[in-house]
Chemist: 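Dropping a structure here in structure tokens format, bear with me for questions.
Values below: every heavy atom of this structure, side chains too, minus hydrogens, waters and symmetry copies. Note that the numbering runs from 1 along the sequence shown for the chain.
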Amino acid sequence: METKPVITCLKTLLIVYSFVFWITGAILLAVGVWGKLMLGPYISLIADNSTNAPYVLIGTGTVIIVFGLFGCFATCRGSPWMLKLYAMFLSLVFLAELVAGISGFVFRHEIKGTFRRTYTDAVLNYNAEDEASRAVDNLQHRLRCCGVYNYTSWFASVYYPSNGIPPSCCFNSSDCNPDDLRNATVAPSKVYHQGCFELVTSFMETNMAIIAGVTFGIAFSQLIGMLLACCLSRIITANQYEMV
């Protein structure tokens with residue numbers, strides 16, 4: 001079998017793979033930026049301290065974009081050592097994604113526990129002004145829920161004695177005045193009864209299998225790139241083939 005057609009075929013496949021890999025990096029970068037700009041307050045309800053998750057996505061996406069371009073260059077150049085370096089990077093990405101996917105699945109109950117704790121703290125210390133309080137309002141309004149387990153979670157809040165249940169719990173804002181929200185008898189007929197914790201954790205449980213599957217699928221796709229890069233490097237080295 002002629003060597004040149006085999007190398008050309010492998011190069012074509014690896015360039016296509018590198019382009020898809022580059023797109024993956026661009027998506028991670030976009031998700032990281034979007035998460036930082038749009039989900040910052042919500043993320044603060046999930047983590048005990050300020051999380052660096054958006055920055056991790058931005059950094060990972062940027063690195064993948066750079067190495068995706070590097071992979072295309074190494075393939076076009078036909079440099080064995082560049083291809084081996086590219087394969088090594090893909091193996092590191094594979095291991096990182098595999099560990100991240102397994103950790104997220106194994107520690108999902110700890111994530112739920114952390115969310116319960118931080119969201120309860122946000123409700124108890126709610127003041128309608130700080131970032132955590134605004135995140136609580138947005139979450140309750142968007143998910144149409146109230147409190148941690150139900151509206152009674154607000155009775156222990158420092159906000160309740162003076163202001164009652166927050167207006168974000170109301171299912172009809174035009175028929176929800178401060179006096180009603182301070183009245184423990186009237187308020188239940190004005191606010192949502194389902195707690196936010198149950199909604200969020202139900203969503204996590206329902207979609208955890210999908211998220212894990214996508215993560216492992218992306219991770220194992222790195223093996224294809226590693227195989228192509230190693231095969232191309234080996235064939236080029238064995239046949240002393242160089243692109244001019």
Chemist: Honestly curious: do I23 and Y17 fall in one hydrophobic cluster under the side-chain, below-4.5 Å linking rule?
Modeler: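 As far as the 4.5 Å side-chain criterion goes, Y17 and I23 are connected within one cluster.
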
Chemist: Within a strict 4.5 Å, meaning less than it, do heavy atoms of the L83 and C230 side chains meet?
Modeler: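 Contact flag for L83/C230 side chains = no.
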
Chemist: Look up atom CD1 in I165 and atom NZ in K190, then write down how far apart they are to the nearest 0.5 Å.
Modeler: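 The NZ atom of K190 is 12.0 Å from CD1 of I165, to the nearest 0.5 Å.
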
Chemist: To the nearest 0.5 Å, tell me how far Q140 CD sits from C145 SG.
Modeler: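 Answer rounded to 0.5 Å: 5.5 Å.
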
Chemist: Quick one: closest heavy-atom pair of W154 and Y160, and the distance?
Modeler: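 Answer, listing the atom of W154 first, then Y160: O-CB, 3.1 Å.
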
Chemist: Could you check whether any side-chain heavy atom of H193 comes within less than 4.5 Å of a side-chain heavy atom of N150, counting everything from C-beta outward?
Modeler: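 Contact flag for H193/N150 side chains = no.
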
Chemist: Report yes if some heavy atom in the side chain of L228 is under 4.5 Å from a heavy atom in the side chain of L10; otherwise report no.
Modeler: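 Contact flag for L228/L10 side chains = yes.
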
Chemist: Do I64 and V33 sit in one hydrophobic cluster, given that two such residues count as connected whenever their side-chain heavy atoms are within less than 4.5 Å of each other, even indirectly?
Modeler: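 Looking at the clustering, V33 is in the same group as I64.
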
Chemist: Can you tell me how far CG of L199 sits from OH of Y192, rounded to the nearest 0.5 angstrom?
Modeler: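 Result: 11.0 Å between the selected atoms.
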
Chemist: Is there a side-chain contact between L29 and I65 (heavy atoms, below 4.5 Å)?
Modeler: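 Touching, per the 4.5 Å side-chain cut-off.
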
Chemist: Taking the six-membered ring for Trp, are Y159 and Y126 parallel (under 30°), tilted (30 to 60°) or perpendicular (over 60°)?
Modeler: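 Plane angle over 60°, so perpendicular.
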
Chemist: What's the separation between atom CG in D175 and atom OG in S189, rounded to the nearest 0.5 Å?
Modeler: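 Between D175 CG and S189 OG, I get 8.0 Å after rounding to 0.5 Å.
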
Chemist: Going hydrophobic residue to hydrophobic residue with side-chain gaps under 4.5 angstrom, can you get from F70 over to I236?
Modeler: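 Yes: a chain of side-chain contacts under 4.5 Å links F70 to I236.
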
Chemist: Taking side-chain contact (heavy atoms from CB on, under 4.5 Å) as the test, write out the residues that go with A229, two or more places apart.
Modeler: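 In terms of side-chain contact (heavy atoms from CB on, under 4.5 Å), with neighbours along the sequence ignored, A229 is linked to L14, Y86, A87.
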
Chemist: Can you tell me if D130 and S133 form a side-chain donor-acceptor pair at under 3.5 Å?
Modeler: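 S133 and D130 do have a side-chain donor-acceptor pair below 3.5 Å.
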
Chemist: So, Q194 versus Y149: side-chain donor-acceptor pair below 3.5 Å or not?
Modeler: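 Not at all, the side chains of Q194 and Y149 share no donor-acceptor pair under 3.5 Å.
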
Chemist: On a heavy-atom basis, which atom in C169 and which in G147 lie closest, and how many Å separate them?
Modeler: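 Taking every non-hydrogen atom into account, SG-N, 4.3 Å.
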
Chemist: Would you say that I15 contacts C76 through its side chain, given a criterion of any heavy-atom pair below 4.5 Å between the two side chains?
Modeler: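 In short, these two side chains touch, coming nearer than 4.5 Å.
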
Chemist: Are L124 and V158 in one and the same hydrophobic cluster, where Ile, Leu, Val, Met, Phe, Trp and Tyr link if side-chain heavy atoms are under 4.5 Å apart?
Modeler: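 Each belongs to a different hydrophobic cluster.
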
Chemist: Checking S157 side chain against S153 main chain: does a donor-acceptor pair fall under 3.5 Å?
Modeler: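 Between the backbone of S153 and the side chain of S157 there is no qualifying donor-acceptor contact (under 3.5 Å).
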
Chemist: Using the six-membered ring wherever Trp is involved, compare the ring planes of Y151 and F155 and label them parallel, tilted or perpendicular (cut-offs 30° and 60°).
Modeler: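 Plane angle over 60°, so perpendicular.
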
Chemist: Is there a path of hydrophobic side-chain contacts, each under 4.5 Å between heavy atoms of I, L, V, M, F, W or Y residues, that connects L69 with L92?
Modeler: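 Each belongs to a different hydrophobic cluster.
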
Chemist: Is any side-chain heavy atom of I224 closer than 4.5 Å to a side-chain heavy atom of L90?
Modeler: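 No; the side chains remain at least 4.5 Å from each other.
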
Chemist: Strictly under 6.0 Å, is that where the ring centroids of F197 and Y119 end up?
Modeler: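 Not under 6.0 Å, so no.
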
Chemist: Would you say S221 and T24 make side-chain contact, with heavy atoms under 4.5 Å?
Modeler: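 No, every pair of side-chain atoms sits at 4.5 Å or beyond.
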
Chemist: How far does CG of L143 sit from CD of E198, to the nearest 0.5 angstrom?
Modeler: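 So the gap between those two atoms works out to 12.0 Å.
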
Chemist: So, D180 and N177: side-chain donor and acceptor under 3.5 Å apart, yes or no?
Modeler: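 Judged by distance alone, the side chains do pair up.
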
Chemist: Charged N to carboxylate O below 4.0 Å: is that the case for R182 and D179?
Modeler: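 Judged by the 4.0 Å cut-off on N to carboxylate O distance, R182 and D179 do form a salt bridge.
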
Chemist: Got a second to check how far L85's CG is from S79's OG, nearest 0.5 Å?
Modeler: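 Separation between the atoms: 9.5 Å.
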
Chemist: Taking less than 2.5 Å as the test, are the sulfur gamma atoms of C196 and C146 close enough?
Modeler: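 Not so, these two cysteines form no disulfide.
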
Chemist: Going through the distances and angles, do M82 and F73 end up as a side-chain contact (heavy atoms from CB on, under 4.5 Å)?
Modeler: CA-CA 9 Å; M82 286 185 177; F73 175 76; 3.5 Å; yes

Chemist: Stepwise, does the side-chain contact (heavy atoms from CB on, under 4.5 Å) test hold for L181 with V191?
Modeler: CA-CA 8 Å; L181 294 175; V191 300; 3.9 Å; yes

Chemist: Do side-chain atoms of T118 reach the backbone of F115 as a donor and acceptor pair under 3.5 angstrom?
Modeler: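 Checking the backbone N and O of F115 against the side chain of T118, a donor-acceptor pair under 3.5 Å is found.
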
Chemist: Taking all non-hydrogen atoms of both residues into account, name the closest pair between P80 and S233 and its distance.
Modeler: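 P80 and S233 have their closest heavy atoms at O-OG, 3.2 Å.
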
Chemist: Within a radius of less than 6.0 Å around CZ of F19, do more than 12 heavy atoms belonging to other residues, nucleotides or ligands occur?
Modeler: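 No, because the 6.0 Å sphere around CZ of F19 holds 12 heavy atoms or fewer from other groups.
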
Chemist: Hey, could you give me each pair passing salt bridge (Lys or Arg N to Asp or Glu O under 4.0 Å) that has a residue in residues 218-235? Not counting sequence neighbours.
Modeler: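 Salt bridge (Lys or Arg N to Asp or Glu O under 4.0 Å) check on residues 218-235 returns no pairs.
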
